[in-house]
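Shown next, in C-alpha cells, is the structure this report addresses.
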Amino acid sequence: MVTLSKEQHLEMYLKMERIREFDMRINKLVRRGFVQGMTHFSVGEEAANVGAVAHLSYDDLIFSNHRGHGQSIAKDMDLNGMMAELAGKVTGVSKGRGGSMHLADFAKGNYGTNGIVGGGYAMAVGAALTQQYKGTDNIVVAFSGDGATNEGSFHESVNMAAVWKLPVIFFIINNRYGISMDITKATNTPHLYTRAEAYGIPGFYCEDGNDVIAVYETMGQAVDYVRSGKGPAIVEVESYRWFGHSTADAGKYRTKEEVDTWKAKDPILKYRDYLTSENIADAKELDAIREQVVKEIDDAYEFAQNSPDPDLSVAFEDVWVD
Ligand SMILES: Cc1ncc(C[n+]2csc(CCOP(=O)(O)OP(=O)(O)O)c2C)c(N)n1
Ligand SMILES: [Mg+2]
C-alpha cells in the first residue's frame, strides 16, 4: 500500500495533466509549422512517466529517449523553455539548437532526451559509475521503449551495470510497438522484465502502466533495491501511445479498435476516479488544476511565439569544446 500525502497526489496529477496538455497543444502546433523537427508524443503514457519520476530528487539523474516530453515534464522542466526549444527559439532549454530530442536540464538531474534508439543506456551506466565512484546515494534511470531493448547497447549496458553493481534502473515503457513493428514480431518473449534474470539482477513488472499508483508502487520497490547499493534493476510497465509513432506517422498498422480500447484506459481519468473515490480530492479541485495547466501551456506558447530565432552567427557555438 502506498502512503502518499494529498500534496504528493495532487503534484502527480498536475504533472500528468501538464504532459497531456503540452503534447495535445504541440500536436496542433505541428500542423501550423510552429514546431521545428520531429516530435514524439507521450499522450497515453502519462502515468508511466509520472509514477516513475515521482521517486526521484533533482540529484537523481534521468536519461530519456526520443519520446521524452513526459519524463522531462515529470522532472519539472520549465515549460516555457521546453516549448521554445521545440520551436527552435533562442530561449529554448538547449538554446533552440536541438528540439524535442535534445531537451535537458542538468540542474534538475535531467540528462536529456535522445534521438538514438538505445543511445541512453550506456550514458546512464557511465553516470551510475560516477555515483558509485563518488559514494553518493543518487540513482540513475535510463528510460526506453520496448523496441530499444533489442539494441546491442541494452544488453552490454545491463551486463556491465550488473557486474559492477551500479545504481541504475532500466525503465522500459512497453507500448507494444517500435514504430510500426509489433512487439510479437521483434521479441520472442512476452515480457521484457524477465530479461533481468539473464544478468543476475531483479526485474520488476507493472501490468497496468496506466495506473499511476501501480507504477509508483512497482518503481518504489526497484528504487529501494537500487538505492540501497545492491546493484541495477529492470522495470517494465505496460502502456500505450495514443498517437502515431511521431508527427510523421498516421499509425495505419494499428486498428481503431485497439487504439480505442487503450484510450478507454485513460491514465488521467483513472487517476481522477481514484482521487475522488478515495476522497483525496474532489472534482472541483482537479478541474482547477486542469485550468491552471491550460493557462501554463498558453503562457508557454506565448513565450515561445514571442521569442527570437537564434542569430545565424551562433551556428558554430557549442559544437566543439574549447
Ligand atoms: C539507432 C536507431 N535506430 C533506429 C532509429 C529509428 N527509430 C526511432 S524510434 C524507433 C522505435 C523505438 O521503439 P521503442 O523503443 O519501443 O520506443 P517507442 O517509440 O515505442 O516509445 C526507431 C526504430 C533510431 N532513431 N535510432
Ligand atoms: Mg515501443
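For ligands, and for the atoms within them, numbers begin at 1 and follow the listed sequence.
Partners of F204 under the ring-ring contact (aromatic ring centres under 6.0 Å, His included) rule, at least two apart in sequence or in another chain, do not exist in this structure.
Contact of the I172 side chain with the T149 side chain is registered, since non-hydrogen atoms from C-beta on lie closer than 4.5 Å.
Relative to the six-membered ring of W262, R176 misses at least one condition, a distance below 6.0 Å or an angle of at most 45° to the axis.
For an aromatic pair to be called close, the ring centres must be under 6.0 Å apart, and H66 with H102 fails this.
By the 30° and 60° cut-offs, the orientation of the rings of F41 relative to F243 is perpendicular. The aromatic rings of H9 and Y274 sit tilted relative to each other, their planes meeting at an angle between 30° and 60°.
Closer than 4.0 angstrom to ligand 1 sit non-hydrogen atoms from H66, R67, G115, I116, V117, G145, D146, G147, A148, E151, N175, Y177, G178, I179, H245.
Residue contact annotation: N175 places an N/O/S atom under 2.8 Å from the Mg ion (ligand 2).
Nearest N, O or S atom of D146 to the Mg ion (ligand 2): atom OD1.
Inspection of the T113 and N65 side chains reveals no N or O donor paired with an N or O acceptor under 3.5 Å.
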